[in-house]
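Quick notes on the structure that follows.
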Amino acid sequence: IQILKNFGNVLLIGSIALFSILIAVLLVSIIKERIYEIGILLSMGERKYKIILQLFLELLIITSISITLSLLSGSILGDFITNKLITIDMLNDLEVGKIVIDYFELYKTIYTSTFITILLSLIYPSYLIIKQNPKEILLK
C-alpha cells in the first residue's frame with residue numbers, strides 16, 4: 001500500500017507540473033489576444049499586479065466551478081455505476097468490509113493541488129505582463 005501511496009504522490013506532482021505548463025501556454029495565448037486591453041489599462045495607470053491578480057482570479061473562479069461540478073457529477077455517477085455493477089450479494093461473497101473515505105481530506109488535497117497548479121502556471125505569464133511597456137503595446 002505504501003508503494004501505491006508513493007506512486008500516487010509522484011503522479012500528483014507530475015500532473016501539477018504538466019497542467020501548470022499547459023495552463024501557462026493557454027494564458028500566454030490569452031495575453032497575446034488581450035494585449036491591447038492590457039496596454040490601455042497600463043497607460044491609464046493601472047498597476048501590473050492588479051492585471052496579474054485579475055488573470056489569477058479569472059482562472060481561479062473558472063477552475064473552482066469546473067472542479068466542483070466534476071466532483072459532484074463524478075460522485076453521483078460513481079455511486080450509480082457502483083450500485084449497478086456490484087450487488088450486495090457480491091460484497092458478501094467477497095467479504096469486503098466497509099471502506100471509509102475521508103472526503104474532507106480528499107477535497108482539501110484536490111483544491112490545494114489546483115491552487116498550486118494555478119499559481120505555478122502564472123509565473124511565466126506574469127513575467128510577460130511585467131516586462132510590457134504600454135507605449136510599445138499601443139504603437140504596434
Side-chain angles (χ1 to χ4, degrees):
I1 292 186
Q2 187 65 29
I3 293 172
L4 290 175
K5 183 178 179 183
N6 292 338
F7 180 70
N9 289 336
V10 169
L11 190 62
L12 177 66
I13 292 169
S15 64
I16 287 174
L18 180 66
F19 284 116
S20 295
I21 292 170
L22 290 173
I23 293 172
V25 169
L26 177 69
L27 286 175
V28 167
S29 68
I30 289 172
I31 289 172
K32 286 184 180 184
E33 289 178 12
R34 296 170 62 180
I35 194 72
Y36 293 110
E37 174 190 342
I38 292 171
I40 291 171
L41 288 172
L42 291 174
S43 66
M44 290 175 27
E46 194 68 48
R47 304 251 186 227
K48 292 180 181 181
Y49 78 89
K50 287 187 177 180
I51 296 171
I52 295 169
L53 183 64
Q54 176 186 349
L55 282 174
F56 172 73
L57 290 176
E58 288 173 2
L59 195 59
L60 186 66
I61 290 169
I62 290 169
T63 55
S64 296
I65 291 171
S66 63
I67 285 181
T68 303
L69 290 176
S70 68
L71 286 174
L72 288 173
S73 64
S75 65
I76 292 170
L77 287 174
D79 288 341
F80 177 74
I81 291 172
T82 303
N83 291 336
K84 288 293 183 182
L85 293 178
I86 300 175
T87 63
I88 295 175
D89 294 334
M90 293 172 118
L91 289 176
N92 290 336
D93 292 341
L94 296 174
E95 297 179 11
V96 176
K98 183 81 173 161
I99 298 173
V100 179
I101 299 173
D102 186 10
Y103 285 106
F104 177 75
E105 188 68 31
L106 177 67
Y107 293 155
K108 186 175 83 170
T109 303
I110 291 171
Y111 283 107
T112 303
S113 62
T114 302
F115 186 76
I116 291 170
T117 304
I118 292 171
L119 286 179
L120 289 176
S121 68
L122 279 173
I123 293 172
Y124 184 66
S126 298
Y127 169 74
L128 290 178
I129 291 174
I130 288 172
K131 77 174 196 172
Q132 294 295 329
N133 185 358
K135 183 178 180 182
E136 291 176 7
I137 294 172
L138 297 176
L139 287 176
K140 290 181 182 179

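What you are looking at is a predicted structure, and each value in this text was computed from that prediction instead of being measured.
Summarising the geometry, atom OG belonging to S20 is positioned 8.0 Å from atom CD1 belonging to I123; distances are rounded to the nearest 0.5 Å. Distance check, rounded to the nearest 0.5 Å: NZ of K108 to CG of D102 gives 8.5 Å. Taking CD1 from I118 and CD1 from I16, the interatomic distance works out to 11.0 Å, rounded to the nearest 0.5 Å. The OG atom of S64 lies 10.0 Å from the CG atom of L57; values are rounded to the nearest 0.5 Å. Between atom CD1 of residue I40 and atom CD1 of residue I35 there is a gap of 11.0 Å, rounded to the nearest 0.5 Å. To the nearest 0.5 Å, the span separating CG on L26 from CD1 on I31 amounts to 10.0 Å.
I21 and Y124 fall into different hydrophobic clusters, defined by Ile, Leu, Val, Met, Phe, Trp and Tyr side-chain heavy atoms under 4.5 Å apart, directly or through other members. I62 and I23 fall into different hydrophobic clusters, where Ile, Leu, Val, Met, Phe, Trp and Tyr residues are linked whenever their side-chain heavy atoms come under 4.5 Å apart, directly or through other members. Linking Ile, Leu, Val, Met, Phe, Trp and Tyr whenever their side-chain heavy atoms come within less than 4.5 Å puts L53 and L27 in one cluster. By the rule that hydrophobic residues join a cluster once side-chain heavy atoms approach within less than 4.5 Å of another member, I110 and I116 end up as members of separate clusters. Linking Ile, Leu, Val, Met, Phe, Trp and Tyr residues whenever their side-chain heavy atoms come within less than 4.5 Å places Y36 and L55 in a single cluster.
Residues passing the side-chain hydrogen bond (donor to acceptor under 3.5 Å, both in side chains) test with E58 are R34, Q54, sequence neighbours excluded. With sequence neighbours excluded, the residues that form a ring-ring contact (aromatic ring centres under 6.0 Å, His included) with F115 are F56.
No more than 12 heavy atoms of other residues, nucleotides or ligands sit less than 6.0 Å from atom CZ of F19.
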Please evaluate residues L71 and Y111 with respect to the criterion side chain to side chain contact (heavy atoms under 4.5 Å, CB included), reporting the C-alpha separation (whole Å), side-chain torsions for both, the decisive distance (0.1 Å), and the verdict. CA-CA 11 Å; L71 286 174; Y111 283 107; 4.1 Å; yes

N/O donor-acceptor pairs under 3.5 Å from side chains in residues 125-134, not counting sequence neighbours:
from: S126; atom 1: OG; to: L122; atom 2: O; distance (Å): 2.5
from: Q132; atom 1: NE2; to: L128; atom 2: O; distance (Å): 3.3
from: N133; atom 1: OD1; to: K135; atom 2: N; distance (Å): 3.4

